Number of protein chains: 2
Amino acid sequence: MNAAAGNTSRPDLAAMVVPLGRALMAAEQPVLDAHGLTMWAYAVLSHLDEAPLRTQAALAEAIHADKTRIIPVLDDLESRGLLTRRPDPQDRRVRLLSLTPEGRRLRDTVRAAVQEGEERLLGQVPPADREAFLRTLRTLYEASRGRPAR
Amino acid sequence: MNAAAGNTSRPDLAAMVVPLGRALMAAEQPVLDAHGLTMWAYAVLSHLDEAPLRTQAALAEAIHADKTRIIPVLDDLESRGLLTRRPDPQDRRVRLLSLTPEGRRLRDTVRAAVQEGEERLLGQVPPADREAFLRTLRTLYEASRGRPAR
DNA sequence: TATTGTTATACTCTATAACTATA
DNA sequence: TATAGTTATAGAGTATAACAATA
């Protein structure tokens, strides 16, 4: 019932993906530290850049964080002039979030450095495999978001 | 400098791998629950099966756990007759760990169920991509273990 | 004195619940 | 009364440090 016969004993997917994720996070930590960003702060910057969100709750959900968890993060980023948080005139309960130019710039800088490190790791992989890997990773990632893994 | 020109804006690897890992763990949680195993307990069973280890410290390191963290786990597994923990006659400070037949059986059962779920997820991926993905994942996983991600 | 395993303690991270303001 | 955001509190998970047994 396996793609490759005889290969009944591959490691669990999770047993490889989770540690790899930990390693990737650890690898990008020094980059984040250098710019005074926590992982959550970087996640916020990344997500705000690609899709401006209306509510903090939506942002929290997008990055799989509790809504109470990102508040100190937003406080910090706002005080550093990296994003703005203004009441929506239409519904003053809601905070409109948007990246400042400096916020976008920082995000680009950090992302470039992060991906440079990742490229180094991917360098060990043959180009053909590499493309298939990235494509599949994306597919599985999207799939895992579609259904919250049940 | 990219494999595919113009594709400068791929998501960070970590931003896909980490959530995918979380989803995979969440997906296998019900299976573990059904057998009264925590994630750490399953990690212990898995690692003991493939390579019998001499010391608890070595086991802890192998599964990226603190040595103090696995002690309650070992207590539980031992009391359930899934593994034995005996002092090494050669050096009575050391505890020799080995899976009992029931431990191995449970491990096989759970692993089959876990991988069945993973196969379902992988079913969405074209066979060619799938092989490349698994091969590459394995490569990157090994690489990330070689250097503890610095 | 150094090392394996264990126990006790403290700390960090995360979520729950209570509160304010708008609607 | 219901919802967005915030604050305060409690809980889970983790690591640090002290301890006992053996070498």
Side-chain angles (χ1 to χ4, degrees), chain A residues 14 18-19 21-23 25-26 28-29 32-33 36-44 47-48 51-79 83-98 148-149, chain B residues 14 18-19 21-23 25-26 28-29 32-33 36-44 47-48 51-79 83-98 148-149:
Chain A
V18 171
R22 261 198 291 259
M25 270 177 44
E28 73 179 52
Q29 194 64 58
L32 298 180
D33 290 348
L37 291 176
T38 64
M39 198 180 31
W40 289 117
Y42 180 54
V44 165
H47 252 83
L48 277 185
L53 292 169
R54 241 184 98 264
T55 73
Q56 295 184 185
L59 172 62
E61 195 192 337
I63 62 176
H64 290 104
D66 194 276
K67 63 173 178 170
T68 65
R69 202 153 74 190
I70 61 171
I71 290 178
V73 177
L74 295 175
D75 289 346
D76 174 58
L77 294 176
E78 188 182 23
S79 76
L83 62 78
T84 58
R85 183 160 50 161
R86 306 199 322 155
D88 184 345
Q90 311 243 314
D91 180 346
R92 298 228 305 285
R93 292 174 303 183
V94 172
R95 305 275 172 272
L96 296 174
L97 302 168
S98 56
Chain B
V18 172
R22 262 199 289 260
M25 269 177 43
E28 73 181 51
Q29 194 64 58
L32 298 179
D33 289 348
L37 292 176
T38 64
M39 197 180 30
W40 289 118
Y42 180 54
V44 166
H47 252 83
L48 277 187
L53 292 168
R54 240 184 101 265
T55 73
Q56 294 184 184
L59 172 62
E61 196 192 337
I63 63 175
H64 291 105
D66 194 275
K67 63 173 179 170
T68 64
R69 202 152 77 192
I70 62 170
I71 290 179
V73 177
L74 294 176
D75 289 345
D76 174 58
L77 293 176
E78 189 182 22
S79 76
L83 62 78
T84 58
R85 182 160 50 162
R86 306 199 323 156
D88 184 346
Q90 312 244 314
D91 179 347
R92 298 228 307 285
R93 292 174 303 183
V94 171
R95 305 275 173 273
L96 295 174
L97 303 168
S98 57

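In the text below, chain A, chain B and the rest are named by the order of the sequence lines, each starting its count at 1. Fair warning: this is a prediction, and the values are worked out from it, not measured in the lab.
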Atom [atom1] of [X] and atom [atom2] of [N]: how far apart are they, to the nearest Å?
| X | N | atom1 | atom2 | value |
| --- | --- | --- | --- | --- |
| B:L96 | C:dG5 | CG | C1' | 13 Å |
| A:R95 | C:dA21 | CZ | P | 11 Å |
| B:D76 | C:dT6 | CG | C1' | 17 Å |
| B:E78 | C:dG5 | CD | C1' | 13 Å |
| A:K67 | C:dT16 | NZ | P | 11 Å |
| B:R69 | C:dT9 | CZ | C1' | 17 Å |
| B:D88 | D:dA21 | CG | C1' | 15 Å |
| B:I71 | C:dA8 | CD1 | P | 12 Å |

### Query
Under 4.0 Å: is that the gap between some side-chain N or O of B:Q90 and OP1 or OP2 of D:dA23?
no
### Task
Compare side-chain N and O positions of B:W40 against OP1 and OP2 of D:dT14 and report whether any pair is under 4.0 Å apart.
yes
Out of [options], which nucleotide sits closest to the side chain of [X]?
| X | options | result |
| --- | --- | --- |
| B:T55 | C:dG5, D:dT6, D:dA15 | C:dG5 |
| B:T68 | C:dA15, D:dT14, C:dT7 | C:dT7 |
| B:V94 | C:dT4, D:dG5, C:dA15 | C:dT4 |

### Query
Which atoms form the tightest heavy-atom contact between B:I63 and B:A43, and what is the distance?
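Nearest pair, atom of B:I63 first, then B:A43: CG2-O, 3.9 Å.
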### Summary
In terms of heavy-atom contacts, A:W40 and A:H64 come closest through CH2-O, 4.0 Å
### Message
Base of D:dT3, side chain of A:R93 - is there a donor-acceptor contact under 3.5 Å?
### Response
yes
### Query
Considering only heavy atoms and no angle criterion, is a donor-acceptor pair shorter than 3.5 Å present between the side chain of A:R92 and the base of C:dT22?
no
### Task
Please tell me if the side chains of B:R85 and B:L77 come closer than 4.5 Å, counting only heavy atoms from C-beta onward.
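Not in contact.
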### Query
Taking side chain as C-beta onward, heavy atoms only, is B:L97 less than 4.5 Å from B:V44?
no
### Query
OG1 of A:T55 to CZ of A:R95: how many Å apart, nearest 0.5 Å?
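If we round to the nearest 0.5 Å, A:T55:OG1 and A:R95:CZ are 11.5 Å apart.
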### Query
Does A:D66 or A:D91 map to a spot on DNA chain C nearer the 5' end, using the closest nucleotide for each?
A:D66
